[in-house]
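Heads up: the structure comes next, in structure tokens.
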Amino acid sequence: MKKYTYLLFLLFSIASFSQKFEGLAPTPPMGWNSWNTFETNIDEKLIKETADILVSSGMKEVGYNYIVLDDGWMAKERDVNGNLVPDPIKFPSGLKNLIDYVHSKGLKFGLYNCAGTKTCGGYPGTRGFEYQDARFYASLNIDYLKYDWCNTEGINAKEAYTTMSIALKTAGKPIIFSMCEWGDNQPWNFGKPIANLWRISGDIYPCYDCEFSHGSWSSWGFFKIAEMRKDIRQFSGPDHWNDFDMLEVGDGMTLEEDKSHFALWCLLASPLIAGNDLRKMTPQTLKTLTNKELIAINQDALGIQGFKYSEENGIAIWVKPLENGDWAISFFNKSSTEKEINFNWKQNTIVDEINNLSTSFDKLNYSVRDIWNAKNLKNTKDIFNAKLKSHDVITLRLNKP
Ligand code: GLA
């Protein structure tokens, strides 16, 4: 009996150690966020149209279900009681009405705020109002909170994010908690009990691997972000994801670059939050964003973040272990010229040391599927040959026999 009491006590301690709402993001969250295209130029017409297109385009069907309003949804001041005020000009029918509309389409709704005194755009921040704001979000029935890190001089990141996480839990409405602290304080070291995802870098920029300077800070091309942090993949997994930032697919890069960006985000098990103007999306952009087999790699139940296997002569090979012993493997041409790939499976053993997994091309003959073209190729007995344009990618799924 004593043994069982001890066991119960132990289980209770483990359960109460986790502060966040558990189980809200068993696979990387998918959706749309207003920032990358619209910055603070948002209003109810845009959000309603976006919600409509998420459904009518088929994006919802393949998994994009969160609509997140980023910075700029508030009036510049709190009211006399210290409550946040949704901007009445941008949302003349009221924010609650808009949220109900989004919910009525079978979608979920997210908002943005900041741990500091003001948001990055200069709107009221949450510092000192954590519990009051959490009650407000619960009363609006939101499902997701992105919580940024501007104007936080002198405060401790772990404490600030823990406070907001406890405030959300206390308010009682299950809300995904997305920390956006740019990786400055290594959120992967303290994020798991308090948040469902956390940004690992500064802001993304729609380019392959450039650094775009804003003076005192920079935005980064998607390959720069993918390679920015070393040794953090073990911190990402179901319900606690490394967030490589919102997608820039459809925001001005070439088709090859968009395909590479999307494939890389899928291999990294990053949240897939589109950031383009859905109202002007080309069929090509929609095709990239809704590639079901790539999304299946991103949403794989193991939730393992992929990693770079090798890089030689301009070709980077990234891999991701999947359920049932399958693997995803992408060949990226990072160079400025066309390249030919000749990959001899048998001469390679891919090892994921953290998860103790490896390929066995010497013993097993995996079947090989070209994901983008939805075409079965041969198998891993044969050498894989392909030609890749500059900045293009080819992603294969290796199915274990
Ligand atoms: C920061 C975040 C962005 C966006 C803006 C809004 O830069 O990293 O993703 O939320 O703030 O001001």
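All residue numbers refer to positions in the sequence shown, counting from 1. Just so you know, ligand 1 is whichever comes first in the structure, and atom 1 is the first atom listed for that ligand.
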Residue pairs passing the ring-ring contact (aromatic ring centres under 6.0 Å, His included) test where at least one lies in residues 373-401, sequence neighbours excluded: Tyr208-His391, Phe331-Phe384

Closest non-hydrogen atom pair between Pro29 and Trp241, with its separation: CD-CD1, 3.8 Å

Test: Lys320 cationic atom under 6.0 Å from Phe307 six-membered ring centre, within 45° of axis: no

SG-SG distance Cys150 to Cys120 under 2.5 Å: yes

Heavy-atom pair with the smallest gap, counting every atom of Ser93 and Asn97: O-ND2, 2.6 Å

For ligand 1, list all ligand N or O to protein N or O distances below 3.5 Å, rounded to 0.1 Å.
residue, atom, partner, partner atom, Å
ligand 1, 7 (O), Asp203, OD1, 3.4
ligand 1, 7 (O), Asp203, OD2, 2.8
ligand 1, 8 (O), Trp182, NE1, 3.0
ligand 1, 8 (O), Arg199, NH1, 3.3
ligand 1, 8 (O), Arg199, NH2, 3.2
ligand 1, 8 (O), Asp203, OD1, 2.5
ligand 1, 9 (O), Lys146, NZ, 2.8
ligand 1, 9 (O), Arg199, NH1, 3.2
ligand 1, 10 (O), Asp70, OD1, 2.7
ligand 1, 10 (O), Asp70, OD2, 3.3
ligand 1, 10 (O), Lys146, NZ, 3.0
ligand 1, 11 (O), Asp148, OD2, 2.7
ligand 1, 12 (O), Asp71, OD2, 2.8

Heavy-atom pair of closest approach, residues Ile204 and Asp245: N-OD2, 2.8 Å

